[in-house]
Amino acid sequence: MAEVGNELQRHAAEEQQAQTDGFHLVIDALKLNGIENIYGLPGIPVTDLARLAQANGMRVISFRHEQNAGNAAAIAGFLTQKPGVCLTVSAPGFLNGLTALANATTNCFPMILISGSSEREIVDLQQGDYEEMDQLAIARPHAKAAFRVLHAEDIGVGVARAIRAAVSGRPGGVYLDLPAKLLAQSMEAEKGRKSLIKVVDPAPRQLPAPDSVDRAVELLKTAKRPLILLGKGAAYARADADIRALVEKTGIPYLPMSMAKGLLPDTHPQSASAARSYVLAEADVVVLVGARLNWLLSHGKGKTWGKPKQFIQIDISPTEMDSNVAIAAPVVGDIGSCVSALLGKIGNDFAKPGADWLNAVDERKEKNLAKMAETLAKETSPMNFHSALRVLKDVVKANPSISFVNEGANTLDYARAVIDMYEPRKRLDVGTWGVMGVGMGYAVAAAVETSKPVLAVCGDSAFGFSGMEVETICRYDLPVCIVVFNNNGVYKGIDKNPTGGKDPAVTMFVPGARYDKMMEAFGGVGHNVTTPAELESAVNEALRSGKPTLINAVIDPAAGTESGRLTNLNPQSSASK
Ligand code: ADP
C-alpha cells in the first residue's frame with residue numbers, strides 16, 4: 001500500500017512539474033523571440049511577472065514612473081530593431097505608459113506595452129474592479145495595433161502578433177493586454193511549449209517596384225540642384241553603408257534630420273547642415289530617405305522650401321506619399337532594399353551635380369561655420385548655452401561612440417546645431433513630437449542596450465519631467481552623465497509675475513537650484529559648474545569613471561529665447577511680432 005501511495009505521490013509531483021502558467025508562458029514567448037530586456041514598473045498584477053522574468057535570466061529594469069520605462073522601451077526598439085518591451089500595472093500605470101506608447105508610434109519606433117488588467121467580466125459590466133479600465137479600447141487609437149489574450153494557450157500567438165505588428169512595415173507601438181486571471185491560468189507544460197511561436201522573419205524586406213526605381217533615377221538625372229534628406233527612418237533601417245555609398249557615388253549634398261545625424265559623420269564634406277536654409281530653399285529635386293514632410297520640414301512647402309521642387313520619397317509606408325505635397329517619384333519599400341536598388345541603377349556615368357550648385361552650398365556653409373566658430377569662441381561670464389556647448393562638442397568628438405541624449409528648448413536647438421555626431425544612432429532626442437520628458441528613459445535604455453557611456457544634455461525644465469530616474473541610474477549603476485543646463489526657468493530664468501504678486505512667474509523655477517544634489521542623494525556623483533573649464537573636467541571625469549553623474553551647469557538666466565526655435569508655434573509671441 002505504501003508503495004502505491006508513493007507512486008501516486010510521484011505521479012502527482014510529475015503532473016505538478018509538467019504544468020506551466022501564464023506568467024511563464026509570457027516570459028518564454030519573449031525569450032524565444034530574442035527579447036532580453038524588460039523596462040517597467042512592477043505592481044499588481046505584474047509583480048510576479050517581473051520577478052519571474054528576472055529569475056529566468058531576463059534583464060528587468062524597474063523605473064520610478066511608467067512613462068520613463070515606456071520611453072526607454074521605445075528607444076531600445078529604435079536602437080535594436082527589436083520591439084522594446086515596457087511592463088506596467090493596470091489603469092493608472094497603463095495610462096502612464098500609454099504616453100510613451102503613443103510617442104513610439106508617432107516616431108515609428110517598435111515597442112510593446114504589456115499591461116496587466118482587471119477582470120473582463122467586471123470591467124465590461126462596469127462593476128468597479130480594482131483599477132478598472134477598458135485598457136484595450138483606450139490603447140487602440142494610440143497604437144499601431146492592440147491585442148488582448150484571454151487564454152494561456154493563446155499567449156504564443158498574442159506575443160507573436162505583437163512582435164510582428166511592432167517591427168514589420170512602418171514600425172510602431174503595440175499594446176498587449178494581459179488580464180490578471182490569464183497570468184495565473186495553468187496548462188500542461190508540453191502543450192504550452194508547443195503553443196509558443198518563434199516569429200520567422202518579423203520584418204520582411206520589402207523590395208521596391210523596379211519601375212519606381214527607374215522613375216526616381218530618371219528624375220534625379222534631370223536635377224540641377226539635388227539634395228538628399230536623411231531622416232530617422234534611415235538611421236533605424238541600418239543600411240548605413242549603402243546610404244553612404246548613395247551620397248558619395250552621386251556627390252549630392254545631404255541634410256540629416258536630427259536623429260539621422262551621424263549616419264555619415266557631420267564633418268563629411270557633403271553635409272549641408274550648415275547651409276540648411278539655403279539648400280532647402282534652392283534645391284530642385286529632393287530625395288527623402290526615411291523622413292516625413294511633417295512640421296519639422298515645414299510640410300514641404302512655403303518660404304522654407306522657396307523654389308519649386310520635385311520630390312523622390314523612399315519610405316516603407318505607401319500612404320506616406322503625397323501626405324503634404326505631391327511626390328513625383330515614390331519608392332516604396334524598406335530603405336535597405338530601396339537604396340541598394342537605386343545604387344544598382346546609378347551607373348558610373350551618373351553625372352555629379354554641377355560646380356555652381358556645390359560651390360554655392362560650400363560658400364554658405366563656410367560662412368555659417370565661421371560665424372558659429374566665432375559665437376562658440378566667445379568667453380562669457382556667466383556661462384551661456386554656446387560656451388557650455390563648445391566644451392561638449394569637443395567631448396563628443398573625442399568620444400564618438402557614446403550615446404548623446406538631448407532634450408529641452410534652447411538646449412535642444414543649440415546642441416543640435418553645435419554638436420557634431422560621428423556615428424549612426426547615437427543622437428537620441430525629442431523626435432517627431434518635440435516632446436519633453438524622454439531624457440532619462442532614453443539615457444537608461446541607451447546605456448543598457450549599447451553598454452557604452454551616455455551623455456544626456458537636458459534643459460532644467462525638460463529634466464524635471466523624468467528627473468527621479470537618477471535613482472534608477474544609480475540603482476543599476478549605469479554609465480550615464482547628465483548635464484542639466486540650469487538657467488532657472490523654462491526658456492529663461494528672469495520672467496516676472498505680471499501682477500507683481502507673490503507667486504513666481506509661470507516659467508520660473510527655484511533660482512540657483514542644485515540638481516547635482518539629486519544625484520548625490522542616491523550615491524552618484526554631483527558637480528556644480530559655472531565655467532566651461534569646470535564643465536569639461538567634470539564631463540571627462542564622468543566618462544572616465546563610468547559613474548552615474550549629474551552636472552548642474554549654471555547658465556546665464558537671461559540666455560535663451562522664448563520657445564527656442566518654435567516661436568512661430570507660440571500664438572501669443574507670434575501674434576506680437
Ligand atoms: P525624421 O523625423 O527624422 O524626419 P520621420 O520619423 O518623420 O523622420 O520619418 C521616418 C520615416 O521612415 C517614416 O515615414 C517611416 O515610415 C520610415 N521608415 C521607418 N523605418 C523604415 C524602413 N526600415 N524602411 C523604410 N522606411 C522606413
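Atom set for the values below is all heavy atoms of this structure, side chains included, hydrogens, waters and symmetry mates excluded. Just so you know, ligand 1 is whichever comes first in the structure, and atom 1 is the first atom listed for that ligand. Not measured: the values here are computed from a predicted model.
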Minimum side-chain heavy-atom gap [X]-[Y] below 4.5 Å:
| X | Y | answer |
| --- | --- | --- |
| Leu342 | Val217 | yes |
| Ile419 | Asn406 | no |
| Leu358 | Pro253 | yes |
| Phe465 | Val435 | no |
| Met440 | Cys458 | yes |

Where ligand 1 meets [X] - atom numbers and elements under 4.0 angstrom, heavy-atom basis:
| X | answer |
| --- | --- |
| Thr432 | 6 (O) |
| Tyr236 | 20 (N) |
| Ala237 | 23 (N) |
| Asn294 | 7 (O) |

Would you say [X] and ligand 1 have an N/O pair spaced under 3.5 Å apart?
| X | answer |
| --- | --- |
| Asp334 | no |
| Glu320 | no |
| Arg170 | yes |
| Met257 | no |
| Arg292 | yes |
| Leu296 | no |

Tell me the protein heavy atom at minimum distance from [atom], and give that distance in Å.
| atom | value |
| --- | --- |
| atom 26 (N) of ligand 1 | Ile316 N, 3.1 Å |
| atom 2 (O) of ligand 1 | Lys232 NZ, 2.7 Å |
| atom 13 (C) of ligand 1 | Asp315 OD2, 3.3 Å |
| atom 25 (C) of ligand 1 | Ile335 CG1, 3.1 Å |

Margin query: Which residue is it: Ile112, Thr88, Leu113? I am looking for the one with a side-chain contact (heavy atoms from CB on, under 4.5 Å) to Leu101.
Written below: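 So, applying the side-chain contact (heavy atoms from CB on, under 4.5 Å) to Leu101 and each of Ile112, Thr88, Leu113, only Leu113 qualifies.
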Next item on the list: Scan Leu79, Val454, Leu455 and name whichever one has a side-chain contact (heavy atoms from CB on, under 4.5 Å) with Ser403.
Entry: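 Exactly one option meets the side-chain contact (heavy atoms from CB on, under 4.5 Å) with Ser403, and it is Val454.
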Note to self: Could you work out, for atom 9 (O) of ligand 1, the closest of Gly231, Gly233, Gly290 by heavy-atom distance?
What the structure shows: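 Heavy atom nearest to atom 9 (O) of ligand 1 belongs to Gly290.
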Note to self: If we ignore hydrogens and angles and just use 3.5 Å, is the side chain of Gln270 paired with the main-chain N or O of Val247 as donor and acceptor?
What the structure shows: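 Here the side-chain-to-backbone pair exists.
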Check: Where do Pro171 and Tyr236 come nearest, in terms of heavy atoms and distance?
Finding: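 Taking Pro171 first and Tyr236 second, the nearest heavy atoms are CG-CE2, 3.5 Å.
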Next item on the list: Assess whether atom NZ of Lys397 is packed by more than 12 heavy atoms of other residues, nucleotides or ligands within 6.0 Å.
Entry: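 Atom NZ in Lys397 is not packed in, count stays at 12 or less.
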Note to self: When you measure from the heavy atoms of Gly336 to every atom of ligand 1, does any distance fall below 4.0 Å?
What the structure shows: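 Judged by the 4.0 Å heavy-atom criterion, Gly336 does not count as contacting ligand 1.
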